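Here's the structure we're looking at; comments come further down.
Sequence positions, counted from 1, serve as the residue numbers for this chain. Not measured: the values here are computed from a predicted model.
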Amino acid sequence: MTTGLNPRTALLLVVPPLLWAGNAVVGRLVHELVPPITLNFLRWTLAFVLLLPLAGWVLRRGSGLWPHWKRFALLGLLGVGAYNALQYLALQTSSPLNVTLVAASTPVWMLAVGWLCFSQKVSRRQIMGALLSITGVLVVLSRGQWTLLAQVRLVPGDLYVLLATVAWAFYSWLLTQPKEPPGIRSNWAAFLMAQMIFGLGWSGFFAAGEWALTDAHIRWGWPLAAALLYVAIGPAILAYRCWGVGVQRAGPAIAGFFANLTPLFAALMSAVFLGELPHAYHGMAFLLIVGGIVVSSRR
């Protein structure tokens with residue numbers, strides 16, 4: 001049941017895009033070290049091992065997981081097996097500008113999926129909020145110069161990002177339809193572990209196909225090990241924990257607007273790690289994105 005947006009819920013929904021921004025940076029940095037779908041599989045394998053001490057009991061026969069395996073298999077496909085695999089795959093061929101442009105459609109897909117598949121009404125405020133939020137993202141992507149947007153050329157990677165965004169929208173809405181055993185649903189580690197069990201099966205299947213159909217190879221070393229540790233703990237465990245609770249409290253339609261903070265955080269990370277100082281358009285974009293969140297969350 002949703003309870004609306006409050007400061008604590010807003011904080012929960014800010015953490016995931018911050019970690020996702022780092023995830024995109026790391027995914028791009030290691031794209032020559034590990035194949036993209038294999039990276040997703042290794043990421044969730046490590047996350048699975050880290051969660052075992054907290055939620056290993058879910059694997060037992062009487063935990064309540066197995067009678068609901070279809071439900072968790074679907075969540076595992078959308079949230080674990082497909083979402084980040086498609087994003088990592090997109091980073092192989094698509095430019096950062098194109099990737100974030102397509103990903104900026106998250107609020108629109110959240111509203112569309114809710115309306116078409118979950119009988120949710122779309123208000124004028126939500127539509128206006130979506131427009132404000134997307135405008136803020138476009139300000140960041142264009143660096144305040146709208147003529148740069150005319151240079152965008154779509155490539156296969158853009159389709160992968162679009163598919164990932166749609167998968168995430170369905171995943172987020174499914175989180176608001178509690179059909180799992182209360183013992184698993186009420187325990188965040190157990191709930192994530194239940195999804196990982198089947199998600200690892202999906203991602204392992206996809207990774208096997210990657211190795212069979214391409215000249216995949218891995219360059220092991222400390223850079224890759226550090227990257228795997230980050231993407232397993234941050235974007236996987238912590239981000240999914242915060243996103244899951246935030247979506248349950250605020251609802252997917254409102255939560256979707258927070259995802260548009262990702263490119264803004266990516267711009268700020270560029271300032272910190274690459275020495276690119278913030279500009280006036282960063283402040284303008286922040287106001288537009290936050291304005292979209294505020295407008296859409298009002299009743």
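Remark: Leu77 engages Trp202, Phe206 in a side-chain contact (heavy atoms from CB on, under 4.5 Å) (not counting sequence neighbours). Remark: Glu180 pairs with Arg71, Arg185 by the salt bridge (charged side-chain N to carboxylate O under 4.0 Å, His left out) rule, at least two apart or across chains.
Defined by atom type and a distance below 3.5 Å, a donor-acceptor pair is missing between the side-chain atoms of Thr176 and Gln248.
Rounded to the nearest 0.5 Å, atoms CD1 (Ile233) and CG (Leu238) are 7.5 Å apart. For the atom pair CD1 of Ile37 and CG of Leu42, the computed distance is 12.0 Å after rounding to the nearest 0.5 Å. Once rounded to the nearest 0.5 Å, the distance linking CG of Asn40 with CG of Leu89 reads 10.5 Å. With rounding to the nearest 0.5 angstrom, the OG1 atom of Thr165 is 14.5 Å from the OH atom of Tyr160. Interatomic distance, Cys242 SG to Ile237 CD1, rounded to the nearest 0.5 Å: 12.0 Å. Between the CG atom in Asn187 and the CE atom in Met193 there is a gap of 10.0 Å [rounded to 0.5 Å].
Note on Leu11 and Phe258: separate hydrophobic clusters, where clusters join Ile, Leu, Val, Met, Phe, Trp and Tyr whose side-chain heavy atoms are under 4.5 Å apart, directly or indirectly. Each of Met110 and Val245 belongs to its own hydrophobic cluster when Ile, Leu, Val, Met, Phe, Trp and Tyr are linked at side-chain heavy-atom distances under 4.5 angstrom. Transitive grouping of hydrophobic side chains (ILVMFWY, heavy atoms separated by less than 4.5 Å) brings Leu19 and Val14 into a common cluster. With hydrophobic clusters built from ILVMFWY side chains whose heavy atoms lie under 4.5 angstrom apart, Leu39 shares a cluster with Trp220. Transitive grouping of hydrophobic side chains (ILVMFWY, heavy atoms separated by less than 4.5 Å) keeps Val15 and Leu12 in distinct clusters.
With contacts defined as side-chain heavy-atom distances shorter than 4.5 Å, the pair Met196/Leu51 qualifies. Residues Val80 and Phe198 have side chains not in contact (no heavy-atom distance under 4.5 Å, counting atoms from C-beta outward). A heavy-atom distance below 4.5 Å is not found between the side chains of Tyr88 and Val26. Here the side chains of Leu224 and Arg219 are not in contact, with every heavy-atom distance at 4.5 Å or above. Side-chain contact check for Thr214 versus Pro35: every heavy-atom pair is 4.5 Å or farther apart.
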Original post:
Could you go step by step and tell me if Leu59 and Leu52 meet the side-chain contact (heavy atoms from CB on, under 4.5 Å) rule?
Top reply: CA-CA 9 Å; Leu59 300 173; Leu52 271 178; 4.1 Å; yes
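Contact detail for Val231 and Arg43: the closest heavy-atom pair is O-NE, 2.9 Å. Smallest separation of non-hydrogen atoms from Thr9 and Gly246: CG2-O, 4.0 Å. Nearest heavy atom pair, residue Pro16 against residue Ala239, reads CG-O, 3.6 Å. Between Ala90 and Val161, the closest heavy-atom pair is CB-CG2, 3.3 Å. Of all heavy-atom pairs between Gly64 and Pro181, the closest is O-CG, 3.2 Å. Nearest heavy atoms, Ala189 versus Leu54: CB-CB, 4.1 Å.
Annotation: ring pair (Phe, Tyr, Trp, His ring centres under 6.0 Å) contacts involving residues 31-65, sequence neighbours excluded, comprise Trp44-Tyr240.
Between the side chain of Ser203 and the backbone N or O of Gly81 there is no donor-acceptor pair closer than 3.5 Å. The backbone N or O of Tyr83 lies less than 3.5 Å from no partner atom in the side chain of Gln87, so there is not a single donor-acceptor pair.
Shown here is Trp115, whose CH2 atom has no more than 12 heavy atoms of other residues, nucleotides or ligands within 6.0 Å. When the shell of 6.0 Å around CZ of Phe205 is examined, it contains 12 or fewer heavy atoms from other residues, nucleotides or ligands. Around the CH2 atom of Trp66, the shell of radius 6.0 Å holds more than 12 heavy atoms that belong to other residues, nucleotides or ligands.
The aromatic rings of Trp168 and Trp243 sit tilted relative to each other, their planes meeting at an angle between 30° and 60°.
A side chain to side chain contact (heavy atoms under 4.5 Å, CB included) with Trp173 is found for one member of Val247, Leu78, Val113 and no other, namely Val113.
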